[in-house]
Q: 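Dropping a structure here in structure tokens format, bear with me for questions.
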Amino acid sequence: KMEFYGQLNLLKTGITFADAITTVSPEYAKEIQTEDFGESLQGVLRYRSESIWGILNGIDTNEWNPETDQNIAATYNVETVFEKKPLNKAALQRECHLPELPDVPLLGAVSRFDWQKGLDLVADIIPHFVESRGAQFVILGTGEADLERRFTELAARYPNNVAALIEFSAPLSHRVEAGLDIF
């Protein structure tokens, strides 16, 4: 049950002995059981097909609908996005104590602060974009202490350009996403 073409395969072992197997979507759960996407594990995956569950990644489109979201400063839709979204940007800049600069790019993230998410790379590039472009950043989340410290230090170093919101807040995450130019 652990052997794979004369070698040990720990992924096959995990698939064989797992109580349940999850993937990123129902479609992908089907695809990995085929020759094209099974990476030579399609046989064991087909054998375990009753235990494979595709859990769709994504958002709750009712909760995260900018047309009806009561957490944001100005609701909008595809027809009003260019008129209303800037109101969310200005409101977020005020809330984060950043200068209201409509023509300056506002970038950011809402995330668990974990190295595997690449937030160390985001922290690395912030000084470049602030110093060369005057860009603003809003980073919301909690997690690894070193990453929290790095973003807090960047906010202290660039108080007019970086807001480090070291907390978990669902309503605030809606305002951050609605206000950013680049997520």
Side-chain angles (χ1 to χ4, degrees), residues 22-29 31 53-183:
T22 62
T23 70
V24 298
S25 73
E27 186 63 28
Y28 189 64
E31 290 174 352
W53 301 94
I55 301 171
L56 187 61
N57 283 333
I59 61 169
D60 179 328
T61 56
N62 291 320
E63 181 181 349
W64 289 91
N65 183 345
E67 242 179 322
T68 59
D69 192 340
Q70 297 304 302
N71 295 297
I72 63 178
T75 56
Y76 59 92
N77 59 34
V78 70
E79 285 86 28
T80 62
V81 65
F82 295 110
E83 172 191 347
K84 302 290 182 123
K85 190 157 173 40
L87 301 174
N88 288 298
K89 178 179 180 176
L92 180 62
Q93 288 168 319
R94 281 191 304 275
E95 183 172 2
C96 294
H97 308 289
L98 297 172
E100 288 182 52
L101 302 170
D103 295 328
V104 168
L106 181 59
L107 301 88
V110 175
S111 183
R112 178 174 46 89
F113 291 2
D114 191 297
W115 296 103
Q116 72 181 22
K117 295 187 172 284
L119 290 171
D120 55 320
L121 303 174
V122 173
D124 288 347
I125 58 100
I126 285 176
H128 169 75
F129 282 98
V130 168
E131 293 169 13
S132 69
R133 304 278 190 239
Q136 294 178 328
F137 289 83
V138 175
I139 309 294
L140 170 64
T142 62
E144 298 280 341
D146 287 345
L147 287 170
E148 289 182 2
R149 179 190 48 76
R150 285 189 70 191
F151 286 115
T152 301
E153 288 172 356
L154 286 165
R157 181 175 167 191
Y158 303 107
N160 290 320
N161 298 82
V162 179
L165 311 170
I166 311 301
E167 63 181 289
F168 173 80
S169 168
L172 180 54
S173 68
H174 286 245
R175 293 192 297 278
V176 171
E177 289 200 25
L180 295 178
D181 294 313
I182 301 170
F183 186 72

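Numbers here simply count residues along the sequence, with the first being 1. Here the structure is a predicted model, which means the values were calculated and not measured.
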Q: Under 4.5 Å between any side-chain heavy atoms of Gln70 and His174, yes or no?
A: no
Q: For residues Asp181 and Leu107, determine if any side-chain heavy atom of one lies less than 4.5 Å from a side-chain heavy atom of the other.
A: no
Q: Got more than 12 heavy atoms from elsewhere within 6.0 Å of CZ, Phe168?
A: no
Q: Please check if the side chain of Gln136 supplies one atom and the backbone of Val104 the other of a donor-acceptor pair under 3.5 Å.
A: no
Q: Between Pro26 and Leu56, is any pair of side-chain heavy atoms under 4.5 Å apart?
A: yes
Q: Is there a side-chain contact between Leu106 and Leu92, using heavy atoms and a 4.5 Å cut-off?
A: yes
Q: In Å, rounded to the nearest 0.5 Å, how long is the span from CG of Asp146 to CH2 of Trp115?
A: 5.5 Å
Q: Would you say the side chain of Phe129 lies within less than 4.5 Å of the side chain of Pro105, judging by non-hydrogen atoms?
A: no
Q: Kindly give the heavy-atom pair with the smallest separation between Ala156 and Pro159, and that separation in Å.
A: O-CD, 3.5 Å
Q: One pair to check against side-chain contact (heavy atoms from CB on, under 4.5 Å): Ser25 and Ile55. What are the steps and the verdict?
A: CA-CA 5 Å; Ser25 73; Ile55 301 171; over 6 Å; no
Q: Just how far is it from atom CD1 of Ile126 to atom OH of Tyr158, taken to the nearest 0.5 Å?
A: 9.5 Å
Q: Would you call the rings of Phe151 and Phe113 parallel, tilted or perpendicular, taking 30° and 60° as the class edges?
A: tilted
Q: Keeping the roles fixed (side chain from Asn88, backbone from Ala74), state whether a donor-acceptor pair exists under 3.5 Å.
A: yes
Q: Quick one: does Ser173's side chain get under 4.5 Å of Trp64's, heavy atoms only?
A: yes
Q: Hey, does the side chain of Thr80 reach the backbone of Glu83 with a donor-acceptor pair shorter than 3.5 angstrom?
A: no
Q: Is the side chain of Lys85 donor-acceptor paired with the backbone N or O of Leu180 at a distance under 3.5 Å, no angle test?
A: yes
Q: Can you tell me how far the CG atom of Asn161 sits from the CZ atom of Arg133, to the nearest 0.5 Å?
A: 14.0 Å
Q: Taking the side chain as every heavy atom from C-beta outward, state whether Val81 and Asn77 have any atom pair closer than 4.5 Å.
A: no
Q: Apply the test side-chain contact (heavy atoms from CB on, under 4.5 Å) to residues Val110 and Phe183: give CA-CA distance (whole Å), side-chain angles for both, the deciding distance (0.1 Å), then the verdict.
A: CA-CA 8 Å; Val110 175; Phe183 186 72; 4.1 Å; yes
Q: Which pair of non-hydrogen atoms, one from Ala73 and one from Leu87, has the smallest distance, and what is that distance?
A: CB-O, 4.3 Å
Q: Are the side chains of Glu167 and Leu172 in touch, meaning some heavy atoms are under 4.5 Å apart?
A: yes
Q: Hey, could you give me the CG/CG distance between Asp69 and Asn62, rounded to the nearest 0.5 Å?
A: 11.0 Å
Q: To the nearest 0.5 Å, how far apart are CD in Glu148 and CG in Leu119?
A: 11.0 Å
Q: Do NZ/NE/NH1/NH2 and the carboxylate oxygens of Glu131 and Arg157 come within less than 4.0 Å?
A: yes
Q: Before accepting this row, confirm whether a basic side-chain N of the pair Arg150/Asp120 lies closer than 4.0 Å to the acidic partner's carboxylate O.
A: no
Q: What's the separation between atom CD in Gln93 and atom CG in Asn160, rounded to the nearest 0.5 Å?
A: 11.0 Å
